[in-house]
Amino acid sequence: MPEIQFYTGENIPLELHKVRIVQKLDLVPVERRAEAIAEAGNNTFLLKNKDIYLDMLTDSGVNAMSDRQLAAMMVADDSYAGSATFTRLTDKLKEIFDTDYFLPAHQGRAAENILAMTFVQKGSIIPMNYHFTTTKAHITRLGGYVEELVIDEGIKIESDHPFKGNFDLERLEDLFKEKGDRIPFVRIEAGTNLIGGQPLSLENIEAVADIVHRYGKLVVMDASLLQDNLYFIKTREEKAKDLSIREITRRISDKMDIIYFSARKLGFARGGGIAIHDKELYLRMRELVPMFEGFLTYGGMSVREMEAMAVGLEETMDFDVISQGPLFIKYMTDELVRLGVPVVTPAGGLGCHLDATRFIPQVRQEEYPAGALAAAVYIAGGIRGMERGTISEQREEDGSEHLASVELLRLALPRRVFTLSQVKYAIDRIKWLYDHRDLIGGLRFVEEPSSLRFFFGRLDPVSDWQDRLVRAFRKDFGESL
Ligand code: F0G
């Protein structure tokens, strides 16, 4: 998807694909939206699809698939053992990453479970640029600790740093000097999910790997969001601008010991797995696959998804294909900036991220601004986003609240799913909400599970602010949905 110039000077990302299968959507009235979010305990994970117009919850497992992927699904080989589909997928991974071994898993977090069970013990420290929810849960469950080493710029909401997901190399080196014996591996998340889909540079990835290898430890890449990161390396990094996507990928994978991924993101399908260079490492993890996932040649995945994944991975090497997401996200982010709405800059991958801290400064962190904003955006437009703030954190061992370093509402743009008019609608409703931000109040838990509370927790508004928001909407929009 090259940036094609418009004669009128407008700056619009132009799709290099056409839509051939569609899903009907409904937009329910604002009164129903207020009711629906109350029924869902103000948790957007608990909304029902019939009440949602734009589902921007996630880019996980909901990306548009290509005609070639659908065709490949028809020739999947569902042999329990020795499936030809598995061979095709392993060969594709070998071609792209040059990895000889692949352990299939039903999705990314299952791969994290296998890695954690193999390498994490009580007291282990796992350094990473930034944590992801499921990653951290697997490590802490086994008594390990996560050490976040992202550069300071990484958690600055507004920035022009092109690689906010970079590691602070000095802190990494210091940590190895002080506590290196407790570190089994370093995890590189490329790009970072919870701080706004921000990428790392090729230079930083290579430097991290060199440090870790100097101390004789393993480098593990979480490549779930690699496709966006590849786009940013190609377009933002001087030393990579003449490399193809395939060459950049190979430069990265040559430095990794292990690459795991959620294929719900990477590869436009559903599943996951672990690609490994070294036989000994492969053997250390292998027995966990049949025990927890399924036999070694499917690992809990549907073989149809595996066929689609092999094709999707190939398509990920195509710059036109992988630029659609970042260009749409940039369009949405730049428009919101122009309208004065606080968002994470520069635009990253995965989605557009609203900064709840500045959007609704009147809501204290203990009353979950990112969660409140998620409820408000849903009421304003039938748009489902995902809280990425304090609700997504785990409480401390003593039960106290762990306040997140950033309070974001993520509006994911699943790849090739939404049209530009839908993105424009989202921008319009968010701008309306921003102009009525004084109406928004906080939330409080009424049901709080002890782990991964953001999935199932239920909250109430602290006042009648949602009713007031509905009344303001009706006043401004009349009969309109
Ligand atoms: N790592 C990263 C960076 C992720 O973004 C995710 C999932 C996982 C691991 C876990 O993979 O879902 O296949 O088990 N992220 C999804 C999201 C859930 O909505 O951001 P999974």
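Both ligands and their constituent atoms are indexed starting at 1 by order of listing. Here the structure is a predicted model, which means the values were calculated and not measured. Excluded from the calculations below are hydrogen atoms, water molecules and symmetry mates; all remaining heavy atoms, backbone and side chain alike, are included.
- Without hydrogens or angle criteria, Asn42 side chain to Ala38 main chain gives no donor-acceptor distance under 3.5 Å.
- Scanning all heavy atoms of the two residues, the minimum distance from Leu443 to Tyr368 falls at O-CD1, 3.6 Å.
- Residue Ser262 holds the heavy atom nearest to atom 11 (O) of ligand 1 of all those in Ser262, Ala105, Pro414.
- For ligand 1, one of its N or O atoms has an N or O atom of Thr58 under 3.5 Å away.
- Classified by interplanar angle (parallel below 30°, tilted 30° to 60°, perpendicular above 60°), the ring pair Tyr282/Tyr101 is parallel.
- With sequence neighbours left out, the salt bridge (charged side-chain N to carboxylate O under 4.0 Å, His left out) criterion links Glu335 to Arg338.
- Scanning all protein heavy atoms for the shortest distance to atom 8 (C) of ligand 1 gives Phe132 CE2, 3.5 Å.
- Listed by first then second residue, pairs satisfying side-chain hydrogen bond (donor to acceptor under 3.5 Å, both in side chains) with a partner in residues 182-195 read Thr135-Arg187, Arg187-Glu189, Arg187-Asp222, Arg187-Tyr260, Asn193-Arg410, not counting sequence neighbours.
- Where the criterion is an N or O separation shorter than 3.5 Å, residue side chain and backbone included, Gly108 meets it with respect to ligand 1.
- Atoms of ligand 1 lying under 4.0 Å from at least one heavy atom of Lys265, given by number and element, are 4 (C), 5 (O), 6 (C), 7 (C), 15 (N), 16 (C), 17 (C), 19 (O), 20 (O).
- Nearest-heavy-atom check against atom 9 (C) of ligand 1 across Gln107, Met386, Glu112, Arg187 picks out Glu112.
- Not one N or O on the side chain of Tyr378 forms a donor-acceptor pair closer than 3.5 Å with the backbone of Ile52.
- Between Arg410 and ligand 1, an N or O atom pair is found at a separation short of 3.5 Å.
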